[in-house]
Amino acid sequence: MKKQDVIMVDTLSDCLIKAVSAVNFDRLFCLTDTTTLQLCWPLISDVPVMQGAVMITIGATDKNKTIESLMHVWESLQKGGATRHSLLINLGGGMVTDLGGFAASTFKRGIKYINIPTTLLSQVDASVGGKTGINFGGLKNEIGVFNLSESVLLAPDFLRTLDDDNLLSGYAEMLKHGLLDRQEHLTELLAFDPTTVRGGDVAIEQQLVQMVGRSVAVKERIVEEDPTEHGIRKALNLGHTAGHAIESLAMEENRMVLHGYAVAWGLIMELYLSAVKCGFPSDVFHQVETYVREYYGKFHYDCKHYDRLIDFIRHDKKNVGETMNFTLLGGIGDIRINQSCSKEEIDQMLDYYREN
Ligand code: GLY
């Protein structure tokens with residue numbers, strides 16, 4: 001797989017000009033959703049290379065990550081005269097970069113694309129690493145391909161548009177990357193309050209930007225080793241097997257939770273399993289637990305939900321057959337993929353989270 005250029009943006013217009021100029025293309029297209037068209041497109045619409053770009057807009061939020069939205073993008077590319085040598089810029093959160101990446105990867109067997117992620121979550125996770133796709137048949141990211149973008153532009157400009165919940169949602173993936181990396185990285189993350197970025201202090205914003213860089217570097221290192229997730233890329237699922245179960249239960253009960261919140265709660269559960277099964281140090285576990293409880297609160301459930309949660313864990317698309325596998329840690333950076341857990345162990349994990 002080719003290498004993806006992840007660029008920490010200093011001046012958005014300069015970086016955009018460089019990134020677009022590095023690609024040979026005939027026509028330029030720009031995909032937004034209705035929210036990023038309003039809030040983010042004005043930040044780049046005056047950049048000279050964007051003049052003449054054909055705009056394509058889809059509905060906002062994950063409920064629009066559908067085959068219908070995808071068809072709209074394909075049709076717009078076709079009507080706009082896209083050829084195999086056209087370029088698509090995806091300006092948005094993970095929904096836009098995933099769907100746009102998939103549209104680009106399949107249109108005329110693949111055109112080039114650039115991601116400009118506009119949420120913290122998409123900057124540190126979705127836009128990097130080449131996973132593209134849509135939801136289908138009631139399942140998230142059911143259809144898709146691995147295909148890296150030409151480049152990813154990580155611009156602090158967009159972080160200023162985010163509310164506390166969206167900052168915290170992205171930060172959960174950064175906590176995960178810190179746990180997969182090393183002590184100093186995690187310590188810095190646990191000493192920082194991402195919501196303070198909204199105060200407008202330049203030094204605080206700079207610190208977050210540097211932490212975003214360190215976070216993405218962890219993901220890039222892992223993706224480079226295993227681009228198509230046959231082995232070590234499963235490390236990036238830390239917190240996600242339990243987190244997805246929480247997200248699915250919440251969705252079923254019409255309790256909306258942001259993805260990163262579910263990951264943060266899932267991290268507590270999976271670090272509990274890591275401590276019990278792999279000797280993860282209990283002091284570090286409790287530090288992370290304290291941080292998550294303070295900033296993310298708690299997801300409430302009771303014993304009658306256990307069967308449903310275990311059902312979701314068993315049918316996580318990363319699990320095969322009846323086994324329930326997790327990515328766990330023996331310590332910070334000591335990654336143990338494919339750790340099979342029994343129903344009793346998962347019951348104990350659910351007890352621990354519920355009772356504490
Ligand atoms: N979001 C996890 C991965 O990209 O593999």
Side-chain angles (χ1 to χ4, degrees), residues 1-6 62 65 90 92-102 104-105 113 115 117-135 139-149 151-152 154 166 168-181 212-248 257-267 269-270 312-313 316-320 325-329 333 335-339:
M1 206 184 256
K2 67 188 180 200
K3 177 121 174 53
Q4 179 174 48
D5 229 355
V6 179
D62 208 63
K65 200 172 169 182
N90 298 317
M95 193 279 276
V96 169
T97 57
D98 278 12
L99 188 145
F102 186 51
S105 305
Y113 72 101
N115 282 339
T118 57
T119 63
L120 184 58
L121 188 70
S122 57
Q123 289 201 355
V124 296
D125 190 21
S127 68
V128 177
K131 278 189 180 174
T132 72
I134 57 165
N135 302 333
L139 297 172
K140 280 171 76 76
N141 303 322
E142 180 73 347
I143 311 288
V145 295
F146 288 100
N147 180 31
L148 292 170
S149 63
S151 55
V152 186
L154 303 179
N166 277 291
L168 282 165
S169 185
Y171 203 72
E173 296 286 356
M174 294 173 66
L175 291 172
K176 177 192 80 179
H177 289 154
L179 282 160
L180 296 175
D181 190 18
V212 166
R214 279 191 274 285
S215 201
V216 170
V218 174
K219 176 155 186 183
E220 281 189 281
R221 201 174 64 221
I222 292 171
V223 169
E224 222 170 292
E225 217 179 301
D226 175 25
T228 50
E229 199 169 311
H230 292 298
I232 195 63
R233 186 165 181 164
K234 292 180 189 174
L236 297 171
N237 295 332
L238 181 70
H240 283 65
T241 306
H244 281 153
I246 291 174
E247 249 182 322
S248 305
V257 300
L258 290 176
H259 174 70
Y261 275 64
V263 170
W265 298 322
L267 281 175
M269 292 184 179
E270 295 183 14
F312 286 127
I313 288 171
D316 188 291
K317 83 162 162 296
K318 278 134 188 156
N319 274 331
V320 183
N325 279 343
F326 289 78
T327 293
L328 302 179
L329 296 176
I335 298 160
R336 316 272 178 91
I337 61 170
N338 300 330
Q339 296 297 304

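Atoms within a ligand are numbered from 1 in the order they appear, just like the ligands themselves.
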Given that the side chain starts at C-beta and the backbone is N, CA, C, O, which of these parts of Val128 lies under 4.0 Å from ligand 1, counting heavy atoms, or is it both or neither?
neither

For Glu229, which part has a heavy atom under 4.0 Å from ligand 1: side chain, backbone, both, or neither?
side chain

Flag, side chain of Asp181 to backbone of Val218, donor-acceptor distance under 3.5 Å:
no

Just how far is it from atom CG of Leu258 to atom CG of Asp62, taken to the nearest 0.5 Å?
11.0 Å

Return a yes/no value for Lys176: is any of its N or O atoms, backbone included, closer than 3.5 angstrom to an N or O of ligand 1?
no

Answer with yes or no whether Lys219 contacts ligand 1, where contact means a heavy atom under 4.0 Å from a ligand atom.
yes

Taking atom types as modelled and ignoring hydrogens, do the side chains of Ser105 and Asn147 form a donor-acceptor contact shorter than 3.5 angstrom?
yes

Which atoms of ligand 1 are found less than 4.0 Å from any heavy atom of Lys131?
2 (C), 3 (C), 4 (O), 5 (O)

Please check this pair: side chain of Thr327 against backbone of Lys234, looking for a donor-acceptor N/O pair closer than 3.5 Å.
yes

Among Asp98, Thr132, Asn90, Thr97, which residue satisfies the side chain to side chain donor-acceptor pair (under 3.5 Å) criterion with Asn115?
Asn90

To check your reading of the model: name the closest protein heavy atom to atom 1 (N) of ligand 1, its residue, and the distance in Å.
Asp125 OD1, 3.0 Å

